[in-house]
Amino acid sequence: VSLFAASANAQGYPERTITMVVPFSAGGPTDTVARLVAESMSKDLGQQIIVENVGGAGGTLGAGRVAQADPDGYTLLLHHIGMATSATLYRKLAYDTLNAFEYVGLVTEVPMTIVARKDFEPTDLKGLIDYAKANKDTVTVANAGIGAASHLCGMMFMSAIETQLTTVPYKGTGPAMTDLLGGQVDIMCDQTTNTTKQIQGGTIKAYAVTSPKRLKIFPDLPTAEEAGLQGFQVGIWHGIYAPKGTPAEVTDRLSKSLQKALKDENVAARFGELGTEPSSEADATPAALKAKLESEIARWKPVIEAAGQYAD
Ligand code: MLT
């Protein structure tokens, strides 16, 4: 009966509003990506996709919410690399990462930037490293909780300089940015989707990008490797998921819609301004996202184990 009901539903899909859960605060980088894509997909699907922000626990609360939702195509999750890192970072997760979801497709690739409040003393990455080592008891690092991209990047930075700093967790880097702008916290490693406007406006200081090459939007900003952190590269990717059991007709329909949205001129232009790369048509597919998640879990597991930081 349920199989019949599922395929009958899939035929007319979508018949009502769809909710896309973003597992971080409104106004942050994941939210920005989700709202741009959701708006464009809504036009193609003929039904609205509403973004719901379910922040907390580094993205795992929102992911857990979607894992438990009805598998009918009306609740989706847009999450990033944290889907892969949290599988190792959390000793106990409320869901089984590789078995609790169906896949729609990859959405974007986004580099990160190491940034600081505007009046923070160090002027370049080398200066930041020396300063952080000399002032490890007072320097504060903002992140969006264990499992966030900012957490991963901050953890890599602290391990690279062999110095543990005080971390300050938020429900997203949207609110963390507000505190960086207000001078309540010193540094952060955050996606360009969230930092570009502030860096260009001179309201925060940027030390490096985490991409293998410099970015077109910041030709003068060195890569972390150029600035002295050997092997320091991190790229954030986003994907759209649905609860396990969502019919393949539905995830395929959503994937087609996602592919169109990523070619939408407005979406591409906005992403371009924010140093955010839309995924190719071949990557905006269920199979590509599944493969990416599997390979990224395997890739980050030893890095996290070496850092020895876990959440219970
Ligand atoms: C956000 O949307 O707030 C971010 O993606 C948080 C993070 O992962 O650093």
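These numbers come from the heavy atoms of this one structure, side chains and all, not from hydrogens, waters or symmetry mates.
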Kindly confirm or rule out a cation-pi arrangement of R253 over Y13, judged by NZ or CZ under 6.0 Å from the six-membered ring centre and within 45° of its axis? no

Sorted by chain and residue number, the salt bridge (Lys or Arg N to Asp or Glu O under 4.0 Å) partners of K205 (sequence neighbours excluded) come out as none

Counterpart residues, salt bridge (Lys or Arg N to Asp or Glu O under 4.0 Å), relative to E39 (two or more places apart): none

Keeping S255 on the side-chain end and T251 on the backbone end, is there a donor-acceptor pair under 3.5 Å? no

Using atom types as modelled, flag every donor-acceptor pair under 3.5 Å from a side chain in residues 46-63 to any protein atom, sequence neighbours excluded.
unit_1: Q47; atom_1: NE2; unit_2: E15; atom_2: O; d: 3.3
unit_1: E52; atom_1: OE2; unit_2: R65; atom_2: NH1; d: 3.2
unit_1: N53; atom_1: OD1; unit_2: R35; atom_2: NH2; d: 3.0
unit_1: N53; atom_1: ND2; unit_2: F24; atom_2: O; d: 3.0
unit_1: N53; atom_1: ND2; unit_2: D31; atom_2: OD1; d: 2.9
unit_1: T60; atom_1: OG1; unit_2: A57; atom_2: O; d: 2.7

A311 meets the side-chain contact (heavy atoms from CB on, under 4.5 Å) criterion, sequence neighbours left out, with Y90, I146

Who passes side-chain contact (heavy atoms from CB on, under 4.5 Å) against E277, sequence neighbours left out? E109

Pair E273 + K197: basic N to acidic O under 4.0 Å: no

Disulfide (SG to SG under 2.5 Å): which pairs involve residues 245-283, sequence neighbours left out? none

Output every pair passing disulfide (SG to SG under 2.5 Å) with a member in residues 110-223, not counting sequence neighbours, ordered by first then second residue. C153-C189

Which residues satisfy the ring pair (Phe, Tyr, Trp, His ring centres under 6.0 Å) test with H151, sequence neighbours excluded? none

With a 4.5 Å cut-off on side-chain heavy atoms, are F271 and L262 touching? yes

Verify side-chain hydrogen bond (donor to acceptor under 3.5 Å, both in side chains) between T19 and T75, making sure each step is shown before the conclusion. CA-CA 5 Å; T19 299; T75 308; 5.5 Å; no

Donor-acceptor contacts, no H, no angles, side chain residues 163-171, under 3.5 Å, sequence neighbours left out:
unit_1: T163; atom_1: OG1; unit_2: I161; atom_2: O; d: 2.8
unit_1: Y170; atom_1: OH; unit_2: D179; atom_2: OD2; d: 2.7

Atom pairs and distances, side-chain donor-acceptor, residues 118-129, under 3.5 Å, sequence neighbours left out:
unit_1: D119; atom_1: OD1; unit_2: R117; atom_2: NH1; d: 2.8
unit_1: D124; atom_1: OD1; unit_2: G127; atom_2: N; d: 2.8
unit_1: K126; atom_1: NZ; unit_2: D130; atom_2: OD2; d: 3.0

Are a donor atom and an acceptor atom from the side chains of S150 and D190 found within less than 3.5 Å of each other? no

Contacts table for residues 97-106: side-chain donor-acceptor under 3.5 angstrom, sequence neighbours left out:
unit_1: N99; atom_1: ND2; unit_2: D96; atom_2: OD2; d: 2.9
unit_1: E102; atom_1: OE2; unit_2: G245; atom_2: N; d: 2.8

Could you work out, with side-chain hydrogen bond (donor to acceptor under 3.5 Å, both in side chains) as the rule, every residue matching T108, not counting sequence neighbours? H238

